[in-house]
Amino acid sequence: MKFFLIFGGVSSEGIFKITEIRRPILPPLQDITMKVNGRPGLISLGQHIDMRVIEVDIVIPSEDRTDFRKKVEEVADFLYSQDTKTLQFFDDMERIYFARVTGDTNIEQVVNMGKGTITFVCFDPLKYAAEPTILLDSSVLNNSSFVIRNQGNQPVKPVIAIRNTKPIPGNYCTNPGFEVNKNGWTFQNTGGSTGSLARDTSTFFKGVASGKLAKTNTTSAIPRCFFVFSGYQVGKAYPFEAYIKSDVLDGLKVYAEEEDPVNWIYKQVSPTVYSGAAGSWSKISFDVTPTMNGGNIYIFFEAFKAGAYNSWIDEVYMFTDQMNVISNPRIELGNEFIQYTGDLGNGDELVLDFEKWTAKLNTTNVLKDITGDFFEVPVGDQSFTFKVKQGDAEIEYMHRNRWL
């Protein structure tokens, strides 16, 4: 049988030979006690588990003294690290330690062979499973449960990732940002108004252009632009959003109308929203809910205030379906819980590391938005519950079983 170890994922085979390994059954246990006057003996307050130390006796074979010095350098490169690395032994490949070399590393040279002892220190005294326990569920709804088995003999601290993997719905607006042209948009002067719709590369919210709706008449007559879509489902709410800006306060209003192709009646099927503060981009949103089949929906952008001024339109989305938003996701285990108080949009990932006490949304620290605790998972089968105000999530759970 070959004696070898794997340190930081690299095998010691070909670098040195192992003659003996000294691994304690348990890490050092220190009793915590208290002396009470007038009472015999001591009161036990538990035990402190100290760091684990593993000693490995090695032999470095070589052909001559010159080769020996080269081999010693190879051993030094293999062993040295300021950080802890994973450590595995040939006879127990299902377990790993987190260790680094400490103390003296003297080598006794006998002819062309060196002998010595390498001391590994494990500041975390526990042994871990070489392969993590992983559960991946791609569609988790409110009040869904999943069971995790901790097969070690110590509580574990998992990493839980919550992801919004649902695709962004399509867009009924075929030209949302005027990036190339004005195709898909119609301009209309109403009631004697004058104005124009132009592609503007000097002002935009995103990309390289926006749509500029110019009102040149000074009366309250309304120039407007719009796009049209069809093929919708009656009674379904379709989300709409856009970024708009105007030279004047609330100078641009936006709403949706539904066309009745039989009676040629137009019915408003959305709220009316306005551009807000003068000179600033505002995000607007509402739902469009059709009530009849066979017609078209018109999304109108109207410059309705008296006076001549300009307004801009960009990033227009008339979504073909509801967005999947994961709102306030919460993980429960018994009486313990941890919850993110924000939302996860399409493509977002929230990673909760219970060992490091970190919460990151797409690598951004969101610990301030976390309520509850980073709890431990006890030994045995444990039933978790996922709760959310809305949304469909993917959950990936991971821990490593661990032992004394």
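For Trp357, the CH2 atom counts as loosely surrounded, since its 6.0 Å shell holds 12 or fewer non-hydrogen atoms of other residues, nucleotides or ligands. A 6.0 Å sphere centred on NZ of Lys17 holds no more than 12 heavy atoms belonging to other residues, nucleotides or ligands. Enclosure of atom CD in Glu74 by more than 12 non-hydrogen atoms of other residues, nucleotides or ligands within 6.0 angstrom is indicated. Within 6.0 Å of CD on Glu20 lie more than 12 heavy atoms contributed by other residues, nucleotides or ligands.
Ion pairing of Lys236 with Asp321 is present here, as a side-chain N (NZ or NE/NH1/NH2) and a carboxylate O approach within less than 4.0 Å. Classification of Asp247 and Lys215 as a salt-bridged pair fails, no side-chain N sitting under 4.0 Å from a carboxylate O. Checked for salt-bridge contact, Arg163 and Glu349 meet the test: a charged N lies under 4.0 Å from a carboxylate O. Taking 4.0 Å as the cut-off between side-chain N and carboxylate O, Asp343 and Lys389 do not count as a salt-bridged pair.
Ring centers of Tyr317 and Tyr172: at least 6.0 Å apart, outside the cut-off. Taking the six-membered ring wherever Trp is involved, the centroid distance between the rings of Phe240 and Phe319 does not fall below 6.0 Å. The distance between the ring centers of Phe354 and Phe375 falls below 6.0 angstrom. In summary, the aromatic rings of Tyr243 and Phe204 are positioned with their centroids too far apart to meet the 6.0 Å limit. Between Trp185 and Phe178, the ring centre distance stays below 6.0 Å.
Using modelled atom types, one side-chain atom of Ser144 and one backbone atom of Leu141 make a donor-acceptor pair closer than 3.5 Å. With Asn328 contributing its side chain and Thr341 its backbone, the two residues share a donor-acceptor pair below 3.5 Å. Between the side chain of Arg402 and the main chain of Pro155, a donor-acceptor pair closer than 3.5 Å is present. A donor-acceptor pair is defined here as one N or O able to donate and one able to accept, closer than 3.5 Å; such a pair exists between the side chain of Asn171 and the backbone of Val316.
Arg100 and Asp83 make their closest contact through CB-O, 3.8 Å (heavy atoms, listed as atom of the first residue, atom of the second, distance). Nearest heavy atom pair, residue Ser311 against residue Ser246, reads OG-OG, 3.0 Å. The two residues Arg95 and Gln88 have their closest heavy-atom pair at O-CG, 3.4 Å. Among all heavy-atom pairs drawn from Pro169 and Met323, the shortest one is CD-SD, 3.4 Å. Contact between Ile18 and Phe3 at its shortest, heavy atoms only, is O-CB, 3.6 Å. Closest approach of Leu79 to Phe7, counting heavy atoms only: O-CE2, 3.3 Å.
For Lys212, the side chain to side chain contact (heavy atoms under 4.5 Å, CB included) partners two or more places apart in sequence, or in a different chain, are Asp200, Asn310, Trp312. In this view, Gln339 and Arg330 satisfy the side chain to side chain donor-acceptor pair (under 3.5 Å) rule, not counting sequence neighbours. Judged as a side chain to side chain donor-acceptor pair (under 3.5 Å), and not counting sequence neighbours, Ser275 has no contacts.
When side chains are defined from C-beta on, Asp373 does not count as touching Ile338, because their heavy atoms never get closer than 4.5 Å. For the pair Asn296/Ser230, a side-chain contact is recorded, criterion being any heavy-atom separation below 4.5 Å from C-beta on. Ile58 places none of its side-chain heavy atoms less than 4.5 Å from the side chain of Thr19.
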Report, one line per pair, each donor and acceptor closer than 3.5 Å where one atom sits in a side chain of residues 27-44; sequence neighbours left out.
unit_1 : atom_1 : unit_2 : atom_2 : d
Gln30  : NE2    : Asp50  : OD2    : 2.9
Asp31  : OD1    : Gln47  : NE2    : 3.0
Ser44  : OG     : Gly46  : N      : 3.4

Under 3.5 Å, which donor-acceptor pairs link side chains of residues 265-273 to any protein atom two or more places apart or in another chain?
unit_1 : atom_1 : unit_2 : atom_2 : d
Tyr266 : OH     : Glu259 : OE2    : 3.2
Gln268 : NE2    : Ser270 : O      : 2.8
Gln268 : NE2    : Thr272 : OG1    : 2.8
Ser270 : OG     : Ala256 : N      : 2.8

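Between the side chains of Thr358 and Asp353, no donor N or O sits under 3.5 Å from an acceptor N or O. Of the N and O atoms on the side chains of Asp348 and Asn164, not one donor lies less than 3.5 Å from an acceptor on the other residue.
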Residue pair Ser139, Glu394: steps toward the side chain to side chain donor-acceptor pair (under 3.5 Å) verdict: CA-CA 5 Å; Ser139 185; Glu394 175 183 276; over 6 Å; no
Tyr128 and Phe98: CA distance, side-chain angles, deciding distance, ring pair (Phe, Tyr, Trp, His ring centres under 6.0 Å) verdict: CA-CA 8 Å; Tyr128 289 80; Phe98 291 95; 5.2 Å; yes
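Pairs engaging residues 281-290 under the side-chain hydrogen bond (donor to acceptor under 3.5 Å, both in side chains) rule: none recorded [sequence neighbours left out].
Between Tyr298 and Phe300, the ring planes are parallel. Angles under 30° get that label, and only those over 60° would be called perpendicular.
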